[in-house]
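Beneath this line is the structure, given in structure tokens, with notes to follow.
Whatever order the structure lists ligands and atoms in, that order sets their numbers, starting from 1.
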Amino acid sequence: MKIFIDTANIDHIKEVNSWGILSGVTTNPTLCAREGREFRSAVKKICEMVKGPVSAEAVSMDRQGIVEEARELSKIAENIVVKVPMMVEGLAATKVLSQEGIKVNMTLVFSANQALLAAQVGAAYVSSFIGRLDDAGNDGMSILADIVAAYDNYDIETEIIAASIRHPMHVTQAALLGADIATVPYDVLKAMVKHPLTDRGIERFLEDWNKLKKATR
Ligand code: E4P
């Protein structure tokens, strides 16, 4: 499973990219607003930093507006993927864009049926929002499982992104279900690196190594 970072924070992207684990970036209007930077230049910078796909969201609500916005966004860099919300206008726009070779990440997907529709119009990616379903008292992971199973039945090529990740267990579960990608917030990525036994193990090895050095000096 590929790991994307779900943020528009340039410093966080830079840091995690330096770990060597990053395959792409997803942003959304809320994440961009949080950073308070000019949208286009921030996205351009992210595209220069990370070689993999970088999702930037179109905010028009009608098909023509989405198509025009997506064409503009795709000029920013070769690795731009346009995020389009799941709705009738979004589906119609995605059909046009996929035929033009512009990659779409169909976002705000909360059911297997929505994911099936995204695949019909040629979306390159579908973002299954797990945490928001959990927040609403539903089981986000079971929807992701349905999407993976339905896509497997028909060898659908649209890549499934486990999105709206809240904690490290979401990442493990998404991988066990066979999601293609997990897009993970910075704090959750940092938590994934850590294990108390690893920290204790490193401390112990260093203590013992220093003891050995003292004893053999
Ligand atoms: C996905 O691409 C979205 O940006 C993101 O995962 C939304 O997550 P949230 O529910 O934490 O806002």
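- Under the side chain to side chain donor-acceptor pair (under 3.5 Å) rule, D134 has a single partner from H167, R166, H170, which is H170.
- Close approach of ligand 1 to T26 (heavy-atom distance below 4.0 Å) involves ligand atoms 2 (O).
- By the rule that hydrophobic residues join a cluster once side-chain heavy atoms approach within less than 4.5 Å of another member, I5 and I130 end up as members of one cluster.
- Nearest protein heavy-atom neighbour of atom 7 (C) of ligand 1: F129 CE2, 3.5 Å.
- Taking distance alone, with nitrogen or oxygen atoms compared against 3.5 Å, T183 stays at or beyond that limit from ligand 1.
- A 4.5 Å side-chain heavy-atom check between V188 and P168 finds at least one atom pair inside the cut-off.
- No side-chain donor-acceptor contact under 3.5 Å links S18 and E15.
- Atom numbering of ligand 1 starts at 1 in the shown order; those under 4.0 Å from a heavy atom of A163 are 1 (C), 6 (O).
- Each of the following atoms of ligand 1 lies closer than 4.0 Å to a heavy atom of R132: 7 (C), 9 (P), 10 (O), 12 (O).
- Here the closest non-hydrogen pair linking A119 and I156 is CB-CG2, 3.6 Å.
- Nearest protein heavy-atom contact of atom 5 (C) of ligand 1 is D6 OD2, 2.9 Å.
- By the 3.5 Å distance cut-off applied to N or O atoms, S164 is counted among the residues near ligand 1.
- Under the side chain to side chain donor-acceptor pair (under 3.5 Å) criterion, the residue pairs touching residues 26-37 are D6-T26, N9-E35, T26-T183, with sequence neighbours excluded.
- Residues K95 and L91 form no side-chain contact, since every pair of their non-hydrogen atoms from C-beta on lies 4.5 Å or further apart.
- Between K83 and ligand 1, at least one pair of N/O atoms sits closer than 3.5 Å.
- Below 4.0 Å from some heavy atom of R166 lie the following atoms of ligand 1, by number and element: 9 (P), 10 (O), 11 (O).
- Not one N or O of N105 is nearer than 3.5 Å to an N or O of ligand 1, by distance alone.
- Of all atoms in ligand 1, numbered sequentially from 1 with element shown, those under 4.0 Å from a heavy atom of N28 are 3 (C), 4 (O), 5 (C), 7 (C).
- The main-chain N or O of V84 is never found under 3.5 Å from a side-chain atom of E57 such that the two would form a donor-acceptor pair.
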